[in-house]
Protein chains: 2
Amino acid sequence: MAAKRPSNPLALAVLTLLHERPMHPYEISTTLKERRKEESIKLNYGSLYSVVESLQKRGLIEAQETTREGKRPERTVYTITDTGRTTMIEWLGELLGTPAKEYPQFEAALSLMPALPVDNVIRLLEQRLERLRAEYEYGSGLMRETAKMGLPRLFAIEHEYELALRAAEIEFVQNLLAELRSGTFDGVDMWRRMYELRAAGKSHEEIESTLADEFKEVHAWLTETNADDGG
Amino acid sequence: MAAKRPSNPLALAVLTLLHERPMHPYEISTTLKERRKEESIKLNYGSLYSVVESLQKRGLIEAQETTREGKRPERTVYTITDTGRTTMIEWLGELLGTPAKEYPQFEAALSLMPALPVDNVIRLLEQRLERLRAEYEYGSGLMRETAKMGLPRLFAIEHEYELALRAAEIEFVQNLLAELRSGTFDGVDMWRRMYELRAAGKSHEEIESTLADEFKEVHAWLTETNADDGG
DNA sequence: AGTGAATTACTCTGATTAGAGTATTAGTGT
DNA sequence: ACACTAATACTCTAATCAGAGTAATTCACT
């Protein structure tokens, strides 16, 4: 059975726009761009048209009329249905009211970090920090500008959120870097030792057992199949 | 032409594990679960097997042997190739060194916020705040526990990052809520007025023009087709 | 009046992904 | 010895997405 609604937030954007007034897909896309919503909601034509089709199939929107000017492609104007309105309110409510599990790429990268040598990672994090700062500057510059132009914060609040996240990431990376550099980060010694052994041409097994020896309690944790889940 | 590498971070996780030692897909999945990496990298069987296939097609990993015990399904053990190693190092380097554009759901929701009435949004944000705090407590509890068990921070740093982001979001939502409640948030007056007019049964056009009248500079910004892009 | 760039408005194809479904074996209790 | 649950190890299908491609029209400029 088809799910009650699509999962792509672009579909929610479509619903909110059609809630304002009927539009055709292309107008939806230009409106989203005008309002800079495509910076917060991934927009591309392929997805837009398939999302519109999927909304229609589920009865959340309806084709109102199909017009054509000259020999241009047809424009199909869509309206939101009552179910569509309800769904939009529900969905947006959920997104605002309930934190969703997300998988940021940097989180994935951090979780795999030990696959690169420490000094390498330090260099990369320095690079990241630089870029994060540049992005932060750029973003806050944009915000000041739009504020000066008289756009109420209401219509750009999502950018403030983005900046807040960036700021938090900057702080995090700064702290991490400091600890990696100073060597106070818990685990760097083991990490360095591992690459030392690898450089010395030891086999995976030799490295494993040497580390197991030199860092007993850690190794115990790493090799036990099931950590106690509590409860 | 096929891209140099898959885009799913799960594929990177596969590469790093095969970089440690050869494994079969199912073992990859259990290892990721054991190490709690599936909390940072979305893992499901369908994706895992197709990602493995895709890595093989691109020559980043190779099937080493196919064994079978009794009548159980075959286990295909894969090894990483030299190209695979290089790609892994490159890819992980990029993820660590370069901030990626992401589209968090909450950012999307914020950008569509005016589609719900103010008081509604306030209630929802209160709910979110509560849940965020609960998650934060839970997460930092887990971290303290694993620290006590002797796991070096190195192997759980991604969770610290997640917590840092959560903390930032908590602060952001707190501030936003305070401003919405006190009415000092730039744009709330217009926002409230809009729903007032809607409740009074005005048409979309009437609302538009009334708001245009009462909030001149804002409306100008909203209706101009092309904001000056500078340059 | 003719050229080229930009805009309008989609369509198509190939990847990717999610999630349920399948089939065998091992372990646990009665 | 039998049933039941968990674990092992994938397979399949439908949905979704991304990005390039297409084709007509308008506008700016010479």
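Excluded from the calculations below are hydrogen atoms, water molecules and symmetry mates; all remaining heavy atoms, backbone and side chain alike, are included. Remember, predicted model here, so these are calculated numbers, not experimental data. Numbered from 1 within each chain, the chains take letters A, B, ... in sequence-line order.
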Who are the side chain to side chain contact (heavy atoms under 4.5 Å, CB included) partners of [X], not counting sequence neighbours?
X	value
E90(A)	K4(A), R5(A), T86(A), E94(A)
R198(A)	M194(A), Y195(A), I207(A), H19(B)
N120(A)	P117(A), R123(A), L124(A)
L163(A)	Y136(A), S140(A), M143(A)

Quick one: [X] [atom1] to [N] [atom2], roughly how many Å, whole number?
X	N	atom1	atom2	value
N8(A)	dC17(D)	CG	C1'	8 Å
E38(A)	dA18(D)	CD	C1'	16 Å
K101(A)	dA18(C)	NZ	C1'	17 Å
L43(A)	dC17(D)	CG	C1'	12 Å
K33(B)	dA6(D)	NZ	P	14 Å
L10(A)	dT16(D)	CG	C1'	12 Å
Y103(A)	dA18(C)	OH	P	9 Å
Q56(A)	dA15(D)	CD	P	16 Å

### Task
With sequence neighbours excluded, give me every salt bridge (Lys or Arg N to Asp or Glu O under 4.0 Å) pair touching residues 7-24 of chain B.
E20(B)-R35(B), R21(B)-E27(B)
### Task
Would you check if there is a donor-acceptor pair between the side chains of D213(B) and T210(B) at a distance under 3.5 Å?
no
Nucleotide N/O to protein N/O under 3.5 Å, stretch nucleotides 19-21 of chain C:
from: dG19(C); atom 1: O6; to: G46(B); atom 2: N; distance (Å): 3.4

### Task
Test salt bridge (charged side-chain N to carboxylate O under 4.0 Å, His left out) on R128(A) and E169(A) and set out the steps.
CA-CA 10 Å; R128(A) 181 181 200 87; E169(A) 186 173 324; 2.7 Å; yes
What pairs of donor and acceptor atoms, side-chain ones from residues 102-113 of chain A against any protein atom, are under 3.5 angstrom apart with sequence neighbours left out?
from: E102(A); atom 1: OE2; to: Q105(B); atom 2: N; distance (Å): 2.8
from: E107(A); atom 1: OE2; to: S40(B); atom 2: OG; distance (Å): 3.1
from: S111(A); atom 1: OG; to: A108(A); atom 2: O; distance (Å): 2.8

#### Entry: Selection: residues 18-29 of chain B, any non-hydrogen atom under 4.0 Å of DNA chain D
H24(B), P25(B), Y26(B)
### Task
Under 4.0 Å from any atom of DNA chain D, heavy atoms only: list the residues of residues 48-55 of chain A that qualify, in numerical order.
S50(A), V51(A)
#### Entry: Counterpart residues, salt bridge (Lys or Arg N to Asp or Glu O under 4.0 Å), relative to K42(B) (two or more places apart)
none
## Note on the structure
Residues at least two apart in sequence or cross-chain that pass salt bridge (Lys or Arg N to Asp or Glu O under 4.0 Å) with E39(A), listed by chain then number, are none
### Per R58(A) side chain, nearest of listed nucleotides dT16(C), dT16(D), dA9(D)
dT16(D)
### Query
Taking only residues at least two apart or on different chains, which pairs with a member in residues 21-65 of chain B satisfy ring-ring contact (aromatic ring centres under 6.0 Å, His included)?
none
